[in-house]
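Below: the structure, in structure tokens.
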Protein chains: 2
Amino acid sequence: MQKMQNKTDSDVRPRAEPETTATQSKRPLRDRRRSLAIGLLRAREAVMSHFRPILAAHDVTEQQWRVIRVLYEGGKLDATELADKASILAPSLTRMIRALEERGFITKHKDSADGRRVLLQITPAGQAIVEDVMPESQKVYADIDARFGEERVEKLLDMLEELASLKLENGPIGEE
Amino acid sequence: MQKMQNKTDSDVRPRAEPETTATQSKRPLRDRRRSLAIGLLRAREAVMSHFRPILAAHDVTEQQWRVIRVLYEGGKLDATELADKASILAPSLTRMIRALEERGFITKHKDSADGRRVLLQITPAGQAIVEDVMPESQKVYADIDARFGEERVEKLLDMLEELASLKLENGPIGEE
DNA sequence: TTTGAATGATTCTCATGTTAATCAGTGAGG
DNA sequence: CCTCACTGATTAACATGAGAATCATTCAAA
């Protein structure tokens with residue numbers, strides 16, 4: 001972001017009546033509430049902190065791990081599917097493909113049917129890493145289950161899933 | 001990450017018995033389970049997708065928003081406190097301070113008592129943005145409450161908080 | 001058949017995450 | 001007073017997130 005830093009002033013609606021802005025600071029707004037955005041961020045950070053050492057030991061990043069894991073389980077996929085399943089943006093995936101291919105964890109070749117599409121597949125070397133990391137990963141999740149309660153984890157996952165699929169007024173797409 | 005790419009081979013334990021790795025691929029490991037890490041990631045992404053347009057309209061990133069919001073509510077803070085409250089890493093904060101200061105949203109000056117510490121404070125311009133964005137932000141949360149259920153949101157926040165404070169065996173710090 | 005809209009991927013650019021290294025200021029001991 | 005371990009902040013280097021623009025290919029309509 002931060003690229004419209006120098007956008008035209010036309011779409012920066014002028015701040016009307018300074019009395020309702022700067023002066024309003026006398027009675028600061030209070031957000032008081034715990035925020036979902038932050039809560040999710042902190043929880044995820046906490047969870048990941050237990051995985052990062054495992055992944056680091058195998059010299060793969062969290063995102064690289066998601067990519068090769070998806071390919072491990074999903075066979076041959078095109079970039080779009082892969083990006084979606086691994087929750088990675090297309091531009092990031094493009095870069096990662098380059099790196100992962102150089103390291104010999106995946107192979108890439110164009111789809112003979114549709115010349116635009118790029119097909120990705122995991123290599124034996126990639127499979128080896130997955131099979132090396134997966135057990136340790138599952139151990140961490142088992143540990144979380146034990147501490148947090150398996151049913152509660154399931155309930156949490158349900159809520160997260162539902163939250164992710166929530167459609168609100170003024171959807172994220174924007175309705176100009 | 002990815003900097004130990006060329007670390008010594010000594011800490012890469014040799015893959016023993018190929019029968020248990022590459023060959024094992026005949027019966028691929030299945031992770032089958034929904035993963036907390038991914039679930040949290042997707043949920044957060046979904047939630048943020050509703051806020052990003054608001055923040056973008058004011059030309060601030062999500063992290064910048066967290067920083068000025070914390071300063072708005074917390075008064076004068078040093079970098080460490082700020083980083084902690086805004087869930088931002090120190091190196092990131094250093095860069096952000098530079099940018100936010102140039103844009104006139106915050107001020108920075110050394111602590112007279114402790115020369116190492118850097119004190120940060122929001123400016124009227126920064127307050128104005130907070131007071132501009134906050135209402136829209138709260139509207140989104142209100143919408144989420146309506147769709148998802150206020151009590152369920154609270155319950156979710158409780159679980160997230162507990163998850164974030166979970167101490168597991170083999171803590172993230174590593175016990176060598 | 002040809003053109004033009006649509007799609008899939010890549011490239012660009014800037015901001016942040018992440019780890020390690022470094023720098024500066026503090027403070028307790030010697 | 002001086003040294004050294006420690007703390008707080010910054011810098012360095014690489015990877016990814018995010019949005020916009022571009023490129024190539026496909027496909028449907030003219």
Side-chain angles (χ1 to χ4, degrees), chain A residues 1-7 41-42 44-45 48-49 51-53 55-57 59-67 77-84 86-103 108-120 172-174, chain B residues 1-7 41-42 44-45 48-49 51-53 55-57 59-67 77-84 86-103 108-120 172-174:
Chain A
M1 203 168 286
Q2 210 70 348
K3 247 150 335 173
M4 63 267 262
Q5 202 83 313
N6 39 12
K7 63 183 172 184
L41 177 64
R42 294 217 163 101
R44 179 178 156 70
E45 174 48 37
M48 281 316 302
S49 70
F51 287 105
R52 251 189 282 280
L55 298 176
D59 198 25
V60 291
T61 67
E62 176 195 339
Q63 292 81 354
Q64 293 173 338
W65 166 246
R66 291 209 300 273
V67 166
L77 301 176
D78 67 272
T80 299
E81 293 176 282
L82 178 53
D84 182 61
S87 289
I88 292 199
L89 295 177
S92 299
L93 185 55
T94 294
R95 290 178 300 221
M96 295 177 66
I97 289 174
R98 203 166 14 235
L100 289 174
E101 200 181 12
E102 285 174 1
R103 292 177 66 183
K108 158 188 175 183
H109 56 88
K110 299 181 54 167
D111 184 333
S112 54
D114 187 336
R116 294 167 298 185
R117 224 169 283 273
V118 171
L119 298 181
L120 295 307
I173 315 87
Chain B
M1 206 167 283
Q2 211 67 350
K3 249 152 332 177
M4 62 266 264
Q5 203 83 312
N6 38 13
K7 61 183 173 183
L41 177 63
R42 295 218 163 98
R44 181 179 154 69
E45 174 48 35
M48 282 316 302
S49 70
F51 288 106
R52 253 190 281 280
L55 298 176
D59 198 26
V60 291
T61 66
E62 177 195 337
Q63 292 80 357
Q64 291 173 340
W65 165 247
R66 291 209 301 271
V67 165
L77 301 176
D78 67 272
T80 300
E81 293 177 283
L82 179 53
D84 182 60
S87 289
I88 294 202
L89 295 177
S92 299
L93 185 55
T94 294
R95 289 179 299 220
M96 295 177 65
I97 289 174
R98 205 167 12 233
L100 290 175
E101 199 181 14
E102 285 174 1
R103 292 177 65 184
K108 158 188 175 182
H109 55 88
K110 298 180 56 164
D111 183 333
S112 54
D114 186 336
R116 294 166 298 185
R117 224 170 284 272
V118 171
L119 298 180
L120 313 226
I173 315 90

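So you know, we letter chains A, B, ... as the sequences are listed, proteins then strands, and number each from 1.
In terms of position on DNA chain C, the residue among B:Met96 and B:Pro91 whose nearest nucleotide sits closer to the 5' end is B:Met96. Comparing A:Leu93 and A:Gly115 along DNA chain D, the residue whose closest nucleotide (by nearest heavy atom) sits nearer the 5' end is A:Leu93. Comparing A:Ser112 and A:Arg66 along DNA chain D, the residue whose closest nucleotide (by nearest heavy atom) sits nearer the 5' end is A:Arg66.
Spacing between atom CZ of B:Arg103 and atom P of C:dC14 amounts to 14 Å, rounded to whole angstrom units. Per the geometry, CZ belonging to B:Arg117 stands 17 Å off P belonging to D:dC6, to the nearest Å. A:Asp114 has its CG atom 12 Å from the P atom of D:dA28, to the nearest Å. Rounded to whole Å, the distance from CD on A:Gln63 to P on D:dA18 is 11 Å. Distance, B:Leu89 CG to D:dT10 C1': 14 Å, rounded to whole Å. Nucleotide C:dC14 holds its P atom 21 Å from the CG atom of B:Leu55, rounded to whole Å. If you take CG of B:Asp111 and P of D:dT10, they are 13 Å apart, rounded to a whole angstrom. Separating the CD1 atom of A:Ile97 from the P atom of D:dT16 is a distance of 12 Å, rounded to the nearest angstrom.
For B:Lys108, the side-chain atoms get nearest to D:dT10 when compared with the rest of C:dG8, D:dA18, D:dT10.
In this structure, A:Asp84 and B:Arg42 approach most closely via the heavy-atom pair O-NH2, 3.4 Å.
Using a 4.0 Å heavy-atom cutoff across all strands shown, A:Glu81 reaches no nucleic acid atom at all. Across all strands, B:Ala90 comes closer than 4.0 Å to base atoms (heavy-atom distances). Residue contacts for B:Ala83: at a heavy-atom cut-off of 4.0 Å it reaches no nucleic acid atom on any strand shown.
Using a 4.0 Å cut-off, no side-chain N or O of B:Ser92 falls inside it from OP1 or OP2 of C:dT16. OP1 and OP2 of C:dA9 both lie 4.0 Å or more from every side-chain N or O belonging to A:Arg98. Taking 4.0 angstrom as the limit, A:Thr61 places a side-chain polar atom (N or O) nearer than this to OP1 or OP2 of D:dT16. Side-chain N/O atoms of B:Lys110 include none lying less than 4.0 angstrom from OP1 or OP2 on C:dT26.
A distance of 5.0 Å separates OG1 of A:Thr61 from CE of A:Met96, quoted to the nearest 0.5 Å.
On a pure distance criterion of 3.5 Å, no polar donor-acceptor pair joins the side chain of B:Arg52 and the base of D:dG19.
For A:Glu101, the side chain to side chain donor-acceptor pair (under 3.5 Å) criterion is met by no residue, not counting sequence neighbours. Annotation: side-chain contact (heavy atoms from CB on, under 4.5 Å) contacts of A:Ala79 (sequence neighbours excluded): A:Leu93, A:Leu120. The side-chain contact (heavy atoms from CB on, under 4.5 Å) check on A:Leu41 picks up B:Arg44, B:Arg66, B:Ser87, with sequence neighbours excluded. Listed by chain and number, the residues in a side chain to side chain donor-acceptor pair (under 3.5 Å) with A:Arg98 amount to none (sequence neighbours excluded).
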Can you give me every donor-acceptor pair (side chain of residues 108-119 of chain B, partner residue at least two apart or in another chain, under 3.5 Å) with its distance?
| from | atom 1 | to | atom 2 | distance (Å) |
| --- | --- | --- | --- | --- |
| B:Lys110 | NZ | B:Gly115 | O | 3.4 |
| B:Asp111 | OD1 | B:Ala113 | N | 2.6 |
| B:Asp111 | OD1 | B:Asp114 | N | 3.4 |
| B:Asp114 | OD1 | B:Arg116 | N | 3.0 |
| B:Asp114 | OD1 | B:Arg116 | NE | 3.0 |
| B:Asp114 | OD2 | B:Arg116 | NH2 | 2.9 |

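B:Ser49 and B:Arg52 share no donor-acceptor pair across their side chains, judged by distance under 3.5 Å alone.
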Please write out the pairs of protein N or O atoms and N or O atoms of nucleotides 1-6 of chain C separated by less than 3.5 Å, giving the distance to one decimal.
none

